[in-house]
Amino acid sequence: MRNGSTRCGQWSAALVVLCELDGPGAARTVSRFADRLQALLHTPAVEPSAPDWSPILVELGHSGAGDGLVRVEVSAYSEGRRHPVDSGTVEQHRLRAYVRDRIEAAFRYLTPGADELVAFALPRDWLDWPVDRWESAPDDATPLGCVYPLVVTDHARRKASTRHVLTRAWKRLDSLPGARMHRVECGGPEEPGRLRMRLRRPDACLAGFGTAPAASRTRPHFDTSLTAPAPVIVWSRDGCGSGQEDCSGADGCTGKAFLDALDACLTAVPPAELPRRILALREEADAEEEHWAHGIQLLWDDPRVFTDPHAVAAAHARTPVA
């Protein structure tokens, strides 16, 4: 019925034009007008595009050569292309300086004026590393996370099947006006299986933790959030530390206070803008000693920001990080 009404409306408009025209070419003019009007009315809606980031990817991995060594690979992404910057095996006491210098070198490959994003791809047991607190330059003690939007990702989630699921999730998230958070509190958390179900719903976006990943009571829930996979996970390295088994998550719990503040802060922030919002929070926390966002960690994982995961996987097979 709607299509019939639309066609009638198009021809009514065409007849109005015909009444205003005269001469042998009038009919052809009206026909072209009707065709053009139909094309305009049936133009498909434009889908939201991926965020326009130019990322610098820092991949860190365990080295088989010894506990004091870390495998490093740094790449820059510009206009859909991956540019290897440098790779090597580095002693831990040299790691920060090595990474800092390679991040600086990676900027040469970025599109001038583009929005940079520094992403650390880490082994699962290193996701809580305070990489956002590493110094940004030899002559500047400002933390990296207070200079650039900085996120962490789980290296194990870079397999093709997980990237496929995450890409589908992010296409849905593009239409959301804010980041809806599912709270995982230290007091009486739900079963991991039920959490997985919630995080796989179409409107699921962010899993917020009141505890650090190593907390025994919520560690299964953190692992579940990673494998679900949740597109975004946020926690505080300074989260609830009262023995987990004893905390009920009531008023006075540092984890609850963190989640309350986080929920109020992010509820109106589109998921694609979370790295910028967390950058602002880190700057505020760096300037205020008692700020609630001290130690905030953002796992933000949109595969569209990076090159085709199949191509990345093939490249990794030839690098020291593989």
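- Between Glu59 and Arg71 no salt bridge is recorded (no basic side-chain N to carboxylate O distance below 4.0 Å).
- When side chains are defined from C-beta on, Val118 counts as touching Ile103, because their heavy atoms get closer than 4.5 Å.
- Within the 4.5 Å cutoff, no side-chain heavy atoms of Glu116 are placed close to those of Ser54.
- Within a 6.0 Å sphere centred on CZ of Arg200, heavy atoms belonging to other residues, nucleotides or ligands number 12 at most.
- Taking 4.5 Å as the limit, every side-chain heavy atom of Met197 sits out of range of all side-chain heavy atoms of Glu191.
- Checked for salt-bridge contact, Asp132 and Arg237 meet the test: a charged N lies under 4.0 Å from a carboxylate O.
- Counting only heavy atoms from C-beta outward, the side chains of Pro149 and Trp53 approach each other to under 4.5 Å.
- Side chain to side chain, Thr111 and Ser78 meet the donor-acceptor criterion of an N or O pair below 3.5 Å.
- Between Asp86 and Arg102 there is a salt bridge, since a side-chain N of the basic residue sits under 4.0 Å from a carboxylate O of the acidic one.
- Using the six-membered ring where Trp is involved, Phe222 and Phe209 have ring planes that are perpendicular, over 60° apart on the 30 and 60° scheme.
- Using a 30° and 60° split on the angle between ring planes, Trp126 and Trp129 fall in the parallel class, below 30°.
- Residue Asp203 qualifies as enclosed at atom CG: its count of foreign heavy atoms under 6.0 Å is above 12.
- Using a 4.5 Å heavy-atom cutoff, the side chains of Asp125 and His62 are in contact.
- With respect to Arg219 and Asp223, a salt bridge is recorded, a charged nitrogen being found less than 4.0 Å from a carboxylate O.
- Residues Cys240 and Thr211 meet the side-chain proximity criterion, which asks for heavy atoms closer than 4.5 Å.
- For the side chain to side chain contact (heavy atoms under 4.5 Å, CB included) test with Val99, the passing option among Val131, Val90, Leu60, Val74 is Leu60; the others fail.
- A cation-pi arrangement is absent between Arg81 and Tyr109 under the rule of less than 6.0 angstrom and at most 45 degrees off the ring axis.
- Between Asp302 and Arg304 there is a salt bridge, since a side-chain N of the basic residue sits under 4.0 Å from a carboxylate O of the acidic one.
- Ion pairing between a basic and an acidic side chain is recognised when a charged N comes within 4.0 Å of a carboxylate O; Asp301 and Arg158 show no such pairing.
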Under the criterion side-chain hydrogen bond (donor to acceptor under 3.5 Å, both in side chains), I'd like the reasoning laid out for Ser236 against Asp238: C-alpha separation, chi angles, the key distance, then a yes or no. CA-CA 5 Å; Ser236 171; Asp238 304 327; 4.7 Å; no
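- Under the 4.5 Å side-chain heavy-atom criterion for ILVMFWY residues, a single connected hydrophobic cluster contains both Trp134 and Tyr148.
- The pair Arg276-Glu273 meets the salt-bridge criterion, since a charged nitrogen lies less than 4.0 angstrom from a carboxylate oxygen.
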